[in-house]
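Throughout, protein chains are lettered first and strands after them, A, B, ... in sequence-line order, and every chain is numbered starting at 1.
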Number of protein chains: 2
Amino acid sequence: MPKVGMEPLRKRALIDAAIRTIGERGSLDVTVAQIAQEAGVSAALAHHYFGGKEQLILATMRHLLNELGLDLLGALHGARTPAARIAAVIAVNFSAAQFAPQTIAAWLTFYVHAQQSEETRRLLRVYARRMHSNLAYALQQLTDRETALQIAEGTGAMIDGLYIRHALRNGAPEAANAIALVEDYVTTKLAAAKPSERSRDAL
Amino acid sequence: MPKVGMEPLRKRALIDAAIRTIGERGSLDVTVAQIAQEAGVSAALAHHYFGGKEQLILATMRHLLNELGLDLLGALHGARTPAARIAAVIAVNFSAAQFAPQTIAAWLTFYVHAQQSEETRRLLRVYARRMHSNLAYALQQLTDRETALQIAEGTGAMIDGLYIRHALRNGAPEAANAIALVEDYVTTKLAAAKPSERSRDAL
DNA sequence: TATTCTTGATTGACTGATCAATCAATAAAA
DNA sequence: TTTTATTGATTGATCAGTCAATCAAGAATA
């Protein structure tokens, strides 16, 4: 066989290029040619390896989701207490990798793409469910089930909202601010639900 | 003169058609021809009245923003107490008109469009600032300034997040749920910041 | 009243550009 | 030679935007 084993390298290069291109442009209206050029190959090669634009986009999305999942796994690894797990879930969403302008722009375009693509919708739901599960599980060890689910819902919504707002802001609010706001929500809710015990230092 | 006075009617019809078309398609990738057909006129007429696609899109966005503004004004009109004003701001965002799938889809696409269009970004900022001002002002009459600003920020983010989540969900959560979640956040925060007095019935 | 003007309203047809996708051909490694 | 990698050229479709040409409703004129 010839210059063998190019496929995984090219695929990865094209996915990385797709993230960069979509992020810079802030839109899914990127041409295969643009992505290919960014990756340093021809547009035809992108079609050769991915079969079509849609599949390249989906592969890119899966890659981002996977990265987020790995980040989450890593963050949860060292967290032993429920409070630490909650903090970890929040922090991951605003980590440098996830909060980079390009990454945010890419995510935003995927949210829109989900309106048209069932597969995209499914992938986003997987991510949302995973995040919710992690939060809800940890919270249930700190308060009653009903309250835990409510806080998990509110936390998820607030994270998504801060994300979208960050995408728009010119002089964006720091990740630290966003983290503090979400953690404050969790802390306050837990304290209110469980007025006794260690409520202030729940996180 | 001929069939005079068509311009405002056609413009309005085209804007309404744009909202419907964008909402149904869930994307800004709608053709002028599609919008025009939905409005019952030719694509050429759309260009005649708006000068170009971009301007039609911007006019559509201004229309949505204006409607939101009017809704807000109406809701605030009857609200005499700060708590009622807060509730009004929250409720408007999840009112039937604003929470309609098509409207949400349109908003979402505008958020993405903002990445490329400075004018779109400016318009969205105007909306966000207005919402924030109203919230912050009312909250400052119920708690200290710093806490008020924090709650306003968190509330805005949570609303945006619930919005985006609603756009994705298949079987969507009810508007009532969303309202309850946000109001609970405000109530809890106010109660925590001001443990004395009427805290439970702040809303 | 009947007959031209005038002018906004409206469109079909066309253009130029863009793009995804295809394919035949080349290069090179085994 | 066979297989994989790679690309330039091409195709077919889609669109925004343009334009010249009609249509119709009132105004001016006779």
Side-chain angles (χ1 to χ4, degrees), chain A residues 1-22 24-61 106 109-110 112-113 115-117 119-120, chain B residues 1-22 24-61 106 109-110 112-113 115-117 119-120:
Chain A
M1 298 186 183
K3 197 160 67 172
V4 96
M6 280 293 103
E7 176 156 349
L9 298 180
R10 294 302 190 201
K11 278 193 168 180
R12 177 57 193 268
L14 281 164
I15 287 174
D16 287 348
I19 295 173
R20 282 199 303 276
T21 310
I22 292 172
E24 271 159 30
R25 212 156 228 266
S27 160
L28 274 187
D29 287 342
V30 289
T31 69
V32 174
Q34 284 166 349
I35 295 173
Q37 186 183 21
E38 177 79 23
V41 298
S42 75
L45 199 64
H47 280 97
H48 174 66
Y49 281 130
F50 285 97
K53 185 185 183 179
E54 177 74 11
Q55 285 150 282
L56 169 55
I57 297 295
L58 282 174
T60 302
M61 198 180 155
T109 65
F110 288 140
V112 171
H113 191 60
Q115 303 270 332
Q116 305 162 256
S117 158
E119 174 67 4
T120 301
Chain B
M1 298 190 182
K3 196 160 67 173
V4 96
M6 281 294 105
E7 176 157 349
L9 298 180
R10 294 304 191 201
K11 277 193 168 179
R12 177 56 194 268
L14 282 164
I15 287 174
D16 287 348
I19 294 173
R20 283 198 303 275
T21 310
I22 292 171
E24 270 160 29
R25 213 157 228 263
S27 159
L28 274 187
D29 286 343
V30 289
T31 69
V32 174
Q34 284 166 349
I35 296 173
Q37 187 183 18
E38 177 81 23
V41 298
S42 74
L45 198 65
H47 281 96
H48 174 66
Y49 281 130
F50 285 98
K53 185 184 184 180
E54 177 75 10
Q55 284 150 283
L56 169 54
I57 297 296
L58 282 174
T60 302
M61 196 178 156
T109 65
F110 289 141
V112 170
H113 192 61
Q115 303 271 332
Q116 306 163 253
S117 157
E119 174 67 4
T120 301

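Listed by chain and residue number, A:Thr21, A:Arg25, A:Val30, A:Thr31 satisfy the side-chain contact (heavy atoms from CB on, under 4.5 Å) test with A:Gln34 (two or more places apart in sequence, or in another chain). Under the salt bridge (Lys or Arg N to Asp or Glu O under 4.0 Å) criterion, B:Asp29 pairs with no residue at all, not counting sequence neighbours. The side-chain contact (heavy atoms from CB on, under 4.5 Å) test applied to A:Ala44 returns A:Ser42, not counting sequence neighbours. Residues passing the side-chain contact (heavy atoms from CB on, under 4.5 Å) test with A:Ala43, sequence neighbours excluded: A:Val32, A:Ala33, A:Ala36. A search for salt bridge (Lys or Arg N to Asp or Glu O under 4.0 Å) contacts involving A:Lys11 returns A:Glu7, not counting sequence neighbours.
One atom, CD of A:Gln55, and another, C1' of C:dA21, lie 12 Å apart when rounded to the nearest Å. Atom pair B:Leu14:CG and C:dT11:C1' shows a separation of 14 Å (rounding to whole Å applied). Rounded to an integer number of Å, the gap from A:Phe50 CZ to D:dT6 P is 13 Å.
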Sugar-phosphate or base contact per nucleotide [nucleotides 7-20 of chain D; S, B, -; heavy atom under 4.0 Å]
BB------SSBBB-
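In the model, B:Glu119 has no side-chain atom that pairs as donor or acceptor with a side-chain atom of B:His113 under 3.5 Å.
In terms of phosphate contacts, A:Tyr49 brings a side-chain nitrogen or oxygen within less than 4.0 Å of OP1 or OP2 of D:dT6.
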